[in-house]
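To start, the structure itself, in structure tokens.
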Amino acid sequence: MRDGDETTAGAALLAWYDRSARVMPWRVGPEARATERPDPYHVWLSEVMLQQTTVAAVRDYFRRFTERWPTVTDLAAAEDADVMAEWAGLGYYARARNLLKCARVVAGARGGKFPEAAAELQKLPGIGPYTAAAVAAIAFDEPAVVVDGNVERVVARLWAVQTPMPIAKPELVEKAGRITPQARPGDHAQAMMDLGATICTPRNPVCALCPVNAFCAAKAQGIAAELPRKAPKAEKPTRFGLAYVAVNAAGGVLLERRPEKGLLGGMLGFPGTEWGADTPEPRPPLVADWVELPHEVRHTFTHFHLRLKVMLARAEGEGFTPREAFAPADLPTVMRKVWDAAQAGL
DNA sequence: AAGTCGTGGGA
DNA sequence: TTCCCAAGACT
């Protein structure tokens, strides 16, 4: 990309977007774009769900949330447990806790209306630099500089930035600002992200189909696939633990609500040991005839692998969740795997 | 300011 | 199987 090309490249990108924007439940279609503004609640909700999460994974969650809670005021009035259960399986559960906090601020102090400026949006729980800029641009037409992983990659390639991530971040933000137009900033941001998701992909970018390939320094140098550069990742350790599945005669299940902070914070789970470097000592939640299941559960989190031995027993006692109040879909995935494993032993 | 925090799909 | 990683935020 050369100085002066920004306007031309931006126009080519928008033209491509008008042709081939992907259809998503939270987007206003091209036919209505001239007359209809996106619902800020929908934009915010989708952007929070999309943090570090693929479009394919988000779609059904977005539909269920908006069907169940059509407005931010409805969401603000929801029970915590219902929101956490609806979020179960999507991951990064702090997002759900902050989502609810944010909804309650907006529905309360702000009378149900989101602030329109990126600087104000960023003060709300769960809204960082990216999400604030994205909501301001898409919902409120502010020419905010929207920088996510896609934009970083596209910009690094357009300017052939060799600086490794995350050191290159400020430089990439500055360059992203150069191609951000005053008009249609929301469509521009979504165009950059669509481009990164479908053409300017991490591996095997399809430069031949790229609407801005004529301006791309990395393509000219034949190094598009190598950018952005990044430091090698640390190896993931393996942790070990025990999980206890107790079922009573009525089909009730022994579950516990995990602490608000930390891994799987605020979610339901089976009682168990800590997860450490070695197989821990047994620590059953109640006295029963525990049987170890033949297959352990394996699950990988962001920064460690987990192997869980699953202990199963039929037992009676206090604190069981009644059969009709328990849905496996309300559990985070690792706990749903434990439940699935237990089914084989029942 | 590095570490923490999920998951499912693709290569 | 294993690795990579996706529309990041929080501490």
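Letters A, B, ... are given to chains in the order of the sequence lines, protein chains preceding strands, and every chain is numbered from 1. Below, each value reflects all heavy atoms present in this structure, side chains not excepted, and no hydrogens, waters or symmetry copies.
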Report yes if some heavy atom in the side chain of A/I127 is under 4.5 Å from a heavy atom in the side chain of A/V135; otherwise report no.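 They are not in side-chain contact.
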
Can you check the [X] [atom1] to [N] [atom2] distance for me, whole Å?
X      : N     : atom1 : atom2 : result
A/K169 : B/dA1 : NZ    : C1'   : 15 Å
A/K233 : C/dC3 : NZ    : P     : 12 Å
A/M165 : C/dG8 : CE    : P     : 11 Å
A/Q122 : C/dA9 : CD    : C1'   : 10 Å
A/E152 : C/dA6 : CD    : C1'   : 12 Å
A/E47  : C/dA6 : CD    : P     : 16 Å

Is the distance between the ring centroids of A/F62 and A/H42 under 6.0 Å?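 Yes: the rings meet the under 6.0 Å criterion.
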
Taking every non-hydrogen atom, the tightest pair across A/D74 and A/W69: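 Shortest heavy-atom contact: O-CD1, 3.6 Å.
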
Specify the residues of residues 11-26 of chain A, ordered by number, for which at least one heavy atom lies under 4.0 angstrom from an atom of DNA chain C.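 Hits under 4.0 Å, by residue number: A/R22, A/M24.
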
Mind running a 4.0 Å heavy-atom check of residues 183-193 of chain A against DNA chain C and sending the residues that fall below it, in number order?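 Close to the strand are A/M193.
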
Of all pairs that satisfy salt bridge (charged side-chain N to carboxylate O under 4.0 Å, His left out), the ones with a partner from residues 314-337 of chain A, not counting sequence neighbours: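 Output for this query lists A/R336-A/D340.
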
Assess, by modelled atom type and distance only, whether the side chains of [X] and [Y] contain a donor and an acceptor separated by less than 3.5 Å.
X      : Y      : value
A/D5   : A/T8   : no
A/R27  : A/Q190 : yes
A/Y130 : A/E47  : yes

What string of B, S and - do you get for nucleotides 5-11 of chain B 5' to 3' if you count protein non-hydrogen atoms under 4.0 Å? BBBS---

Could you check A/H305 against A/L50 and say which one's nearest nucleotide on DNA chain C is further toward the 5' end?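 The residue whose closest nucleotide sits nearer the 5' end is A/H305.
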
Please identify each residue that fulfils ring-ring contact (aromatic ring centres under 6.0 Å, His included) with A/F326, with sequence neighbours left out.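 Listed in chain order: A/W339.
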
Does the plane of the ring in A/F301 sit parallel, tilted or perpendicular to the ring in A/F304? Use 30° and 60° as the thresholds.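 Answer is tilted, since the angle falls between 30° and 60°.
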
Between C/dA6, C/dG8, C/dA9, spot the one nearest the side chain of A/P129, thanks.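 Nearest to the side chain of A/P129 among the choices is C/dA9.
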
Ion pair present between A/E67 and A/R64, side-chain N to carboxylate O less than 4.0 angstrom?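 No.
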
Mind checking the P distance from C/dT11 to B/dG6? Whole angstroms is fine.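 Between the two P atoms, the distance is 14 Å.
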
Can you tell me which residue pairs pass the side-chain hydrogen bond (donor to acceptor under 3.5 Å, both in side chains) test with a partner in residues 155-180 of chain A, sequence neighbours excluded?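 Every side-chain hydrogen bond (donor to acceptor under 3.5 Å, both in side chains) pair that includes a residue of residues 155-180 of chain A, provided the two are not neighbours, is A/D3-A/R178, A/E152-A/K169, A/Q162-A/R229, A/T163-A/E171, A/E174-A/R178.
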
